Structures are given as C-alpha cells and as structure tokens.
Amino acid sequence: MSQHVFKRAGFLAATVGVAGLLSAGVASAHVTANVYGAQPTKGGYAAIVFRVPSEEPTTTTTKVAVDFKADYGIGSVRTKPVPGWTAEVTKSKLPTPITKDNGTQITEAVTAVTWTAQAGSELKATDYQEFSVSFGPLPTNVDQVEFPAHQTYSDGKVVDWNQPTPANGEEPEHPAPVVKLAAKAAEGDEHSNMSAGTAATTGEHTEAAAATSDSTARWLAGAGLLVGAVGLGVGAGATVRARKATAKSGGNS
C-alpha cells in the first residue's frame, strides 16, 4: 500500500508543477487592455495600456493596430511615445453626428490607433511591449468598451484579437481586449470633471504602475517555477523510495 501512496503522491506533485508552468505561459499569451489605477467611468476619460506579447518563434511583431468602434464616438486620443515605434491615430467621418451628454457634437471619431516598429525594434518571441493611450469622452450607453486588435508579423501573418467573450465567460481563442466601465460619476465628482489633459497626465504615470504589475507577474511566475521544481523533486524522491522499498522487500523474501 505504501508504494502506491508514494507513487500517487509523486505523480500528483509532478502534475501540479507542470500544470502551473503551462498555465503561466497560456495566461500571458493574449493581447490585453489594462487599467492601472481608477476604473474609467461612463462619459469620462480613460488611460489604458495595451500589452502585446510576441508569440511566433521564428518571426517578429512589426505592427499593432487597435480598433476604436465608431459608435463609441471617441473624439480625442493621445498616445504615449514608445522608443523605436511610431504611432498613427486614424479618424473617420461619422454618417450621423453623436451628441455627448455635455452637448458636444462628435462628427468625426477615432476609429484606430496603429503602432509600427522601426528597424531593430521589432518584438521577438520572448518580448512584449506596452502601448499607452488616453482618450474620451467614453460612451454612456455601454458597460464595457471593446478594442479589436490586429498583430502583424514580419512574414506578413496577421493575428486578429477580435473575438467577443460570450455571456458564459468562456474565453475564446483570440479574445478582443476589453475594459469595463464604472457607473457614471455624480455631478461634481472629480471623475465626471476629468479633462483630456488630466487623462493624458494619468496615462504618463501608468508606466511605474505597469512596472510594479510586471514585477508581481514575474514573482508569481518564479513561484510557479519553484512549485513545479518542488513537485518534480517530490515525485522523483517518491519513486526512488518506492523502488528501494520493493528491492528491500524482495531481498527479505
């Protein structure tokens, strides 16, 4: 009985360790939209960081485009400079003007932001980059804003991150980056009075928070590696003890 217990313990520990390593890799594979700080509110301004990992082993990421839905009526977008990359904001004429709560009419809305790598700054398979934007005013008639993204590789391959997450919460293979919106702030609240300039300033301060988040992620990944190593070690030790016990039993007989 003890031999079976040892074998099961070793197998379980090794499985947990390997599963931890695999899940850490899967979790970091998607293009995501991240908020470092207060959650954006309906009708307000937002500072968002798009995190883009490069996944192809033999090619590099050369361009990243993020779509802004025209019906959101986003009238202003600012991008934070990224060394080695150029940013281009695309605006499109709206077929019907959108009137914001403050009475402002939006006749031309931002529909895309595209970042293109300069020579030598492309993202390798082990790299990721963060692209910061501040924009608004946000729509007031939705609970979240979705940003379909398109990742172009050096061989011409384009990966579309544009699949909506269904109501059951099961994540699709290529989910679109999403940011949930908080309820519209009450009149006079600091969030409702947030200007585009303030949003841009907030965006500039996200780098430190992003670095903290990245450090935490690296620490968790390290912890996962340690758990995996311990699990494999326990499994190997259990196997050795089981063999010794079997050999000893055979010798006594």
Side-chain angles (χ1 to χ4, degrees), residues 30-35 40 42-54 60-102 104-119 121-123 128-142 144-164 174-181 194-204 206-207 210:
H30 298 159
V31 173
T32 57
N34 305 285
V35 177
K42 298 179 180 181
Y45 284 77
I48 293 177
V49 178
F50 294 103
R51 176 172 289 193
V52 180
S54 200
T60 57
T61 295
T62 59
K63 184 168 68 174
V64 177
V66 176
D67 295 339
F68 285 65
K69 295 184 178 181
D71 55 5
Y72 290 161
I74 304 298
S76 172
V77 169
R78 296 186 181 184
T79 61
K80 183 176 181 179
V82 178
W85 291 73
T86 57
E88 180 183 2
V89 177
T90 301
K91 283 190 172 185
S92 301
K93 189 80 172 178
L94 296 176
T96 303
I98 296 175
T99 303
K100 295 293 185 177
D101 287 1
N102 61 3
T104 302
Q105 270 203 340
I106 304 296
T107 59
E108 191 178 56
V110 175
T111 52
V113 179
T114 303
W115 290 270
T116 304
Q118 299 171 7
S121 296
E122 303 88 347
L123 303 181
Y128 76 89
Q129 184 58 270
E130 292 189 326
F131 303 95
S132 301
V133 294
S134 63
F135 56 89
L138 293 164
T140 57
N141 58 346
V142 295
Q144 64 181 27
V145 281
E146 187 177 271
F147 302 96
H150 315 280
Q151 184 173 9
T152 302
Y153 287 90
S154 54
D155 62 353
K157 177 181 178 180
V158 177
V159 177
D160 295 318
W161 301 92
N162 59 358
Q163 296 175 324
H174 293 96
V178 171
V179 171
K180 295 186 180 300
L181 301 180
M194 186 177 182
S195 67
T198 303
T201 301
T202 302
E204 291 173 1
T206 59
E207 185 174 1

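Since the model is a prediction, treat every value here as computed from it, not as a measurement.
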* **Expected output: side-chain Ser154 to main-chain Thr60 donor-acceptor under 3.5 Å** =>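 Yes, Ser154 side chain to Thr60 backbone: donor-acceptor pair under 3.5 Å.
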Per-pair distances, 0.1 Å, donor-acceptor, side chain in residues 105-118, under 3.5 Å, sequence neighbours excluded:
from, atom 1, to, atom 2, distance (Å)
Thr111, OG1, Thr90, O, 3.4
Thr111, OG1, Ser92, OG, 2.9

With sequence neighbours excluded, residues passing salt bridge (Lys or Arg N to Asp or Glu O under 4.0 Å) with [X]:
{"X": "Lys157", "value": "Glu56"}
{"X": "Glu122", "value": "none"}
{"X": "Lys100", "value": "none"}

* **side-chain hydrogen bond (donor to acceptor under 3.5 Å, both in side chains) involving Asp67 - partner list, sequence neighbours excluded** =>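 If we apply the side-chain hydrogen bond (donor to acceptor under 3.5 Å, both in side chains) test to Asp67, skipping adjacent residues, the hits are His150.
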* side-chain hydrogen bond (donor to acceptor under 3.5 Å, both in side chains) partners for Trp161, two or more places apart ->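 side-chain hydrogen bond (donor to acceptor under 3.5 Å, both in side chains) check on Trp161 returns Gln151.
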* So which of Tyr45, Tyr72, Phe68 actually passes ring pair (Phe, Tyr, Trp, His ring centres under 6.0 Å) with Phe135? ->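 Running ring pair (Phe, Tyr, Trp, His ring centres under 6.0 Å) over Tyr45, Tyr72, Phe68 with Phe135 returns exactly one hit, Phe68.
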Heavy-atom distance under 4.5 Å between the side chains of [X] and [Y], does that happen here?
{"X": "Phe50", "Y": "Val66", "answer": "yes"}
{"X": "Val133", "Y": "Phe131", "answer": "no"}
{"X": "Phe147", "Y": "Val31", "answer": "no"}

Closest non-hydrogen atom pair, [X] against [Y]:
{"X": "Leu123", "Y": "Ser54", "answer": "O-OG, 2.9 Å"}
{"X": "Tyr128", "Y": "Pro53", "answer": "CB-CA, 3.7 Å"}
{"X": "Leu181", "Y": "Pro139", "answer": "CD1-O, 4.0 Å"}
{"X": "Ala46", "Y": "Leu138", "answer": "CB-CD1, 4.0 Å"}
{"X": "Pro148", "Y": "Asn162", "answer": "CB-CB, 3.8 Å"}
{"X": "Ile48", "Y": "Val35", "answer": "CG1-CG2, 4.3 Å"}

Rounded to the nearest 0.5 Å, what separation is found between the [atom1] atom of [X] and the [atom2] atom of [Y]?
{"X": "Lys180", "Y": "Glu146", "atom1": "NZ", "atom2": "CD", "value": "10.5 Å"}
{"X": "Glu130", "Y": "Asn34", "atom1": "CD", "atom2": "CG", "value": "6.5 Å"}
{"X": "Arg51", "Y": "Ser132", "atom1": "CZ", "atom2": "OG", "value": "10.5 Å"}
{"X": "Lys69", "Y": "Ile74", "atom1": "NZ", "atom2": "CD1", "value": "12.0 Å"}

